[in-house]
Amino acid sequence: MNSSSELRLAIGQQLYRIESPFGALPADTGTVSDVAGAPDGSICLLTRRDPRVSAPADCVHVLDRDGALLRSWGAGRITDAHKIAIDPQSRVWVVDRDAHEVVVFDMQGRELMVIGQRHAPGQPFNHPTDVAFLSDGGFVVTDGYAGARVHVFGPEGEPVCAFGSLGRGPGQFIVPHGVAVLSGDRIVVADRENDRVQIFSRAGEVLGVFDVFCRPMDVFVDAQDTIFVTDAIPTLTRINDRGEVLGRGRGSLNGPHGFSEGRSGEILLAETNPSRLSRLIPIVA
């Protein structure tokens with residue numbers, strides 16, 4: 001790409017080069033829904049198809065750090081692929097929204113664990129949306145399109161607590177759509193239809209409510225314990241745990257449905273419209 005056509009954005013003091021689209025995908029995979037960077041530098045891209053009208057297809061696509069496709073899997077197991085996350089043990093967690101469960105795989109696609117009951121809304125999930133990991137090996141699931149709840153689990157998948165209800169007050173949700181975890185196991189939730197991000201203690205105490213967003217889609221926390229938020233304006237915003245804005249930029253045509261940080265500090269954007277993976281590469285001065 002020559003310098004006259006190269007696109008850049010700044011988020012605070014950090015400048016990024018936009019590479020879009022990035023990565024190779026097999027034909028007819030459906031719509032890009034989410035992305036997760038793995039500890040080894042590889043990338044798991046999640047795609048989805050409408051299960052009411054489309055035949056089953058692979059939904060998890062593993063790319064190397066340069067974007068080459070290594071393998072795909074998930075056909076016949078995942079019905080409605082919504083979000084994906086990779087834990088410190090390199091296990092791949094797929095949120096199967098309309099099947100009401102979270103399925104855990106290894107990086108080769110072998111199933112390891114299931115949380116929730118398939119096709120059983122309310123047991124405990126009711127169209128869940130996202131998953132994030134706690135410091136002791138436990139995890140958090142946002143739930144979601146009908147549940148308006150956040151579920152906290154222990155390391156073995158045992159339920160610990162749940163909090164939240166339907167509404168617009170502090171600690172309530174319309175659609176808790178994305179989740180991440182700060183130090184001290186503080187839980188950050190993208191409260192999409194309430195146009196805000198909320199922070200909670202592990203027990204569900206409200207620690208902060210930040211409403212400078214328009215339909216925030218997703219959140220992640222970087223190695224410096226700051227929060228990145230993508231929304232429908234579209235902006236990519238960096239804030240601290242007090243809600244102070246540290247930087248904003250426009251990194252995509254429309255707000256990414258999900259995003260993640262790569263091993264080298266690049267930001268990976270899962271865009272649904274147009275359907276593609278994009279990459280923001282830090283520019284070192």
Side-chain angles (χ1 to χ4, degrees), residues 1 5-23 31-37 43 45-46 82-85 129-130 132 142 168 173-182 186-200 207-262 264-283:
M1 180 179 290
S5 61
E6 181 177 275
L7 296 177
R8 296 185 174 190
L9 80 156
I11 305 173
Q13 298 301 310
Q14 181 60 60
L15 191 64
Y16 295 87
R17 175 171 61 85
I18 301 174
E19 185 176 356
S20 184
F22 168 72
T31 300
V32 169
S33 188
D34 198 13
V35 62
I43 299 164
L45 184 66
L46 191 69
H82 188 259
K83 288 289 188 75
I84 191 168
T129 54
D130 201 4
T142 43
R168 298 191 181 277
F173 309 102
I174 303 296
V175 176
H177 194 264
V179 64
V181 176
L182 285 160
R186 293 168 294 164
I187 300 166
V188 186
V189 179
D191 184 13
R192 190 177 67 180
E193 269 62 35
N194 278 328
D195 296 322
R196 65 191 181 185
V197 167
Q198 300 192 71
I199 300 180
F200 300 89
L207 303 177
V209 179
F210 311 130
D211 58 0
V212 294
F213 308 103
C214 174
R215 299 187 78 239
M217 299 286 184
D218 202 5
V219 291
F220 79 74
V221 173
D222 70 8
Q224 288 70 48
D225 212 31
T226 55
I227 304 163
F228 285 77
V229 183
T230 179
D231 72 4
I233 291 174
T235 58
L236 179 58
T237 303
R238 183 172 178 254
I239 64 173
N240 61 24
D241 59 3
R242 299 181 299 280
E244 297 167 337
V245 175
L246 306 176
R248 298 177 81 209
R250 173 184 162 91
S252 60
L253 181 62
N254 296 290
H257 186 260
F259 71 147
S260 180
E261 188 174 34
S264 301
E266 67 274 26
I267 298 175
L268 306 165
L269 306 177
E271 301 182 59
T272 58
N273 182 26
S275 178
R276 63 190 178 190
L277 175 64
S278 296
R279 182 169 69 164
L280 310 182
I281 303 171
I283 296 173

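What you see below is based on every heavy atom in this structure, not just the backbone, and it leaves out hydrogens, waters and symmetry mates.
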Between atom [atom1] of [X] and atom [atom2] of [Y], what is the distance when rounded to the nearest 0.5 Å?
X      : Y      : atom1 : atom2 : value
Asn273 : Thr31  : CG    : OG1   : 9.0 Å
Leu15  : Arg8   : CG    : CZ    : 5.5 Å
Asn240 : Ile227 : CG    : CD1   : 7.5 Å
Ile187 : Leu207 : CD1   : CG    : 9.5 Å

Which atom names give the shortest non-hydrogen contact between [X] and [Y], and what distance separates them?
X      : Y      : result
Ile233 : Cys214 : CG1-CB, 3.6 Å
Ala85  : Ala36  : CA-CB, 4.1 Å
Ile199 : Arg186 : CG2-CB, 4.1 Å
Leu246 : Ile239 : CD1-C, 3.9 Å
Leu253 : Glu271 : N-OE1, 3.8 Å
Gly265 : Pro282 : O-CG, 3.4 Å

Could you work out, with salt bridge (charged side-chain N to carboxylate O under 4.0 Å, His left out) as the rule, every residue matching Arg250, not counting sequence neighbours?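 Here no residue qualifies.
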
Checking Arg248 now: which residues fulfil salt bridge (charged side-chain N to carboxylate O under 4.0 Å, His left out) with it, not counting sequence neighbours?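 Expected list: none.
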
Is it true that a side-chain atom of [X] and a backbone atom of [Y] form a donor plus acceptor pair closer than 3.5 Å?
X      : Y      : answer
Asn194 : Arg196 : no
Asp231 : Pro234 : no
Asp191 : Pro176 : no
Glu266 : Ser264 : yes
Thr129 : Thr142 : yes
Thr230 : Leu236 : no
Gln14  : Ile283 : yes
Lys83  : Leu46  : no

Taking CD in Glu244 as the centre, count heavy atoms belonging to other residues, nucleotides or ligands within less than 6.0 Å. Is the count above 12?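 Yes.
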
Are side-chain heavy atoms of [X] and [Y] found at a separation under 4.5 Å?
X      : Y      : value
Val197 : Val188 : yes
His82  : His177 : yes
Phe22  : Val35  : no
Leu7   : Arg17  : no
Leu280 : Leu9   : yes
Arg168 : Ile174 : yes

I need the full list of ring-ring contact (aromatic ring centres under 6.0 Å, His included) pairs touching residues 223-250, with sequence neighbours left out, sorted by first then second residue.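 Output for this query lists Phe220-Phe228.
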
Please determine whether side-chain contact (heavy atoms from CB on, under 4.5 Å) holds for the pair Val245 and Phe210, giving the CA-CA distance in whole Å, both sets of side-chain angles, and the decisive distance to 0.1 Å. CA-CA 10 Å; Val245 175; Phe210 311 130; over 6 Å; no

Please name the residue in the list Leu269, Ile267, Leu268 that meets the side chain to side chain contact (heavy atoms under 4.5 Å, CB included) test with Arg279.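 Only one option passes, and that is Leu268.
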
Residues Asp218, His257; criterion side-chain contact (heavy atoms from CB on, under 4.5 Å); working and verdict: CA-CA 7 Å; Asp218 202 5; His257 186 260; over 6 Å; no

Begin with the C-alpha distance, continue with both residues' side-chain angles, and end with the deciding distance and a verdict on side-chain contact (heavy atoms from CB on, under 4.5 Å) for Gln198 and Phe173. CA-CA 10 Å; Gln198 300 192 71; Phe173 309 102; 3.7 Å; yes

Worked verdict on Thr272 versus Asn254 for side-chain contact (heavy atoms from CB on, under 4.5 Å): CA-CA 8 Å; Thr272 58; Asn254 296 290; over 6 Å; no

